[in-house]
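All values below were derived from every heavy atom in this structure, side-chain atoms included, with hydrogens, water molecules and symmetry-related copies excluded. Ligands are counted one by one from 1 in listed order, and the atoms in each one are counted from 1 as well.
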Amino acid sequence: MIAPESLERAVELLRHGGVVALPTETVYGLSANAEDELAVRRVFAIKGRPATHPLIVHIPGVEHLDTWAREVPEAARKLAEAFWPGPLTLVLPRTARATDAVTGGQDTVALRVPNHPVALAVLQKLGGGLAAPSANRFGKVSPTTAEHVREDLGGDVDLVLDGGPCTVGVESTIVDLSSDEPAILRPGGLAVEDVERVLGRKVPVRTSSKVRVSGSLESHYAPRAGVVLTEPAQAVARVQELRGQGLRVGVLGPASLALPPDVSRFDVPDEPAGAARVLYARLREADAQGHDVLVACLPTESGLGIAVRDRLSRAAAPRG
Ligand code: TXA
Ligand code: MG
């Protein structure tokens, strides 16, 4: 656990316009006091993120929900009770507490209670909301360790709190409850099946909505290397084909996959939750080793496999 002085320091900084990187169970966040407009603008500047892309407000507990959201339908209460703290973000009509700087001028706000002792301790001491996107440069792979944050953002942040590697490994699942028809705007660390079970209905995944969700831009979560998707059974054939073109090829896939001896493997388990946990770290490792292209095996399309497939597809999308 983190030294109490570091927590105190983080809260002090956040009270005075500071930007602090902190661990959550999903990925590391780049946080600022959500009610401090200048501090929020610094977050956008550090990330290089367009100001129209709204941020998630992290709150200390479900009891704060009504101070940020002016209408909280029964479905939202059910989901919050069932999964907070946890990898679930709810999009709801905002109160005046959620400013234009945070929401990008939209009439809705995205809210979540993160499930990490460090993030929760900071939020409780601060007593307010923290606007925090993932602590990486816009469009790049999200960080799941403090080291990743330092590599990406280094001296640009006032403090990096190290809470160890993230246990979930992909961003939260975003559920839009701002209209009558609930929809998933981003599959993530909470399985879609779990959302549907609690709501007692099917909830469509609508990743290309009118709402500006940066994770829904085609190319996102992208490493330097190119990414080629494959079902595991075709992985070896894809590797041979790409090597035939003179490329340096690495493979993201399960240990059970038999590969030619001189091909580097970055072990991503076939089991979806395990794949989610290590995905971003493996993409970074493969990049650090200077591969031209990564052949990525798609996990099963259920549970967190849906989020992993989504991130891999975006990493593989044509780059602008
Ligand atoms: O797990 C997570 O959600 C992490 C950790 C740090 O909590 N945060 C994260 O933040 O992934 P970011 O900014 O990288 O992604 C937030 C997503 C964006 O795609 C943004 O567009 C969307 O949430 N979002 C924020 N406010 C919204 C709103 N009012 N309506 C629709 N989408 C919204
Ligand atoms: Mg992000």
Side-chain angles (χ1 to χ4, degrees), residues 20-32 34 40 43-44 46-59 68-70 83-95 98-116 118-120 122-123 129-144 148-149 152-153 161 163 166-179 182-190 206-217 219-222 276 280 304 307 310-311 314-315:
V20 174
L22 60 125
T24 81
E25 80 281 33
T26 57
V27 301
Y28 273 69
L30 184 63
S31 73
V40 170
V43 170
F44 281 95
I46 293 170
K47 267 196 78 103
R49 173 167 169 142
T52 49
H53 289 257
L55 305 181
I56 294 173
V57 177
H58 299 69
I59 57 176
W68 295 92
R70 66 173 192 274
F83 301 117
W84 280 355
L88 165 72
T89 294
L90 300 177
V91 172
L92 293 165
R94 68 169 166 171
T95 64
T99 61
D100 285 345
V102 168
T103 66
Q106 301 184 67
D107 192 36
T108 55
V109 61
L111 298 166
R112 104 172 175 98
V113 181
N115 187 17
H116 191 291
V118 172
L120 285 173
V122 170
L123 283 165
L130 287 174
S134 51
N136 54 285
R137 306 263 182 223
F138 187 62
K140 301 297 180 196
V141 177
S142 302
T144 53
H148 295 161
V149 178
D152 283 1
L153 305 177
L161 289 178
C166 301
T167 52
V168 173
V170 290
E171 296 81 354
S172 58
T173 298
I174 304 181
V175 184
D176 183 1
L177 292 165
S178 65
S179 65
I184 308 265
L185 302 184
R186 177 178 73 183
L190 177 67
R206 246 183 238 132
T207 50
S208 51
S209 68
K210 291 191 296 291
V211 193
R212 288 164 298 231
V213 179
S214 51
S216 74
L217 296 174
S219 169
H220 212 77
Y221 312 103
Y280 291 147
L304 299 204
D310 171 80
R311 304 306 188 270
R314 292 175 201 288

Within the side chain of [X], is there an N or O that forms a donor-acceptor pair under 3.5 Å with the backbone of [Y]?
{"X": "Ser172", "Y": "Pro87", "value": "no"}
{"X": "Thr52", "Y": "Gly104", "value": "no"}
{"X": "Lys47", "Y": "Asn136", "value": "yes"}
{"X": "Arg186", "Y": "Val175", "value": "no"}
{"X": "Thr24", "Y": "Thr26", "value": "yes"}

- prompt: Of the backbone and side-chain N, O or S atoms of Ser142, does one lie nearer to the Mg ion (ligand 2) than 2.8 Å?
  reply: no
Output yes when the distance from some N or O of ligand 1 to some N or O of [X] is under 3.5 Å, and no in every other case.
{"X": "His53", "result": "no"}
{"X": "Ser172", "result": "yes"}
{"X": "Arg49", "result": "yes"}
{"X": "His58", "result": "yes"}
{"X": "Glu171", "result": "no"}

Is the closest heavy atom of [X] to ligand 1 under 4.0 Å?
{"X": "Pro114", "value": "no"}
{"X": "Arg186", "value": "yes"}
{"X": "Ile174", "value": "yes"}

Exercise. Check whether any side-chain heavy atom of Leu22 lies under 4.5 Å from a side-chain heavy atom of Leu130, and answer yes or no.
Key: yes
Check: Could Arg94 and Asp100 be called an ion pair, given the rule that one side-chain N must be under 4.0 Å from one carboxylate O?
Finding: yes
Do the charged groups of Arg112 and Glu171 touch, with an N to O distance under 4.0 Å? no
In ligand 1, the atoms that come under 4.0 Å of a heavy atom of Val91 are 30 (N), 31 (C)
Per-atom filter on ligand 1: closer than 4.0 angstrom to a heavy atom of Thr26 are 1 (O), 2 (C), 4 (C), 5 (C)
Open item on the list: Ring centroids only, cut at 6.0 angstrom: are Phe138 and His53 within range, meaning strictly under it?
Closed with: yes
Does ligand 1 have a heavy atom under 4.0 Å from the side chain of [X], from its backbone, from both, or from neither?
{"X": "Pro133", "answer": "both"}
{"X": "Leu185", "answer": "side chain"}
{"X": "Thr108", "answer": "both"}

Looking at Ala135, Gly105, Ser134, Gly29, the heavy atom closest to atom 9 (C) of ligand 1 belongs to Ser134
Heavy atoms of Val40 and Ala34 approach each other most closely as CG2-O, 4.0 Å
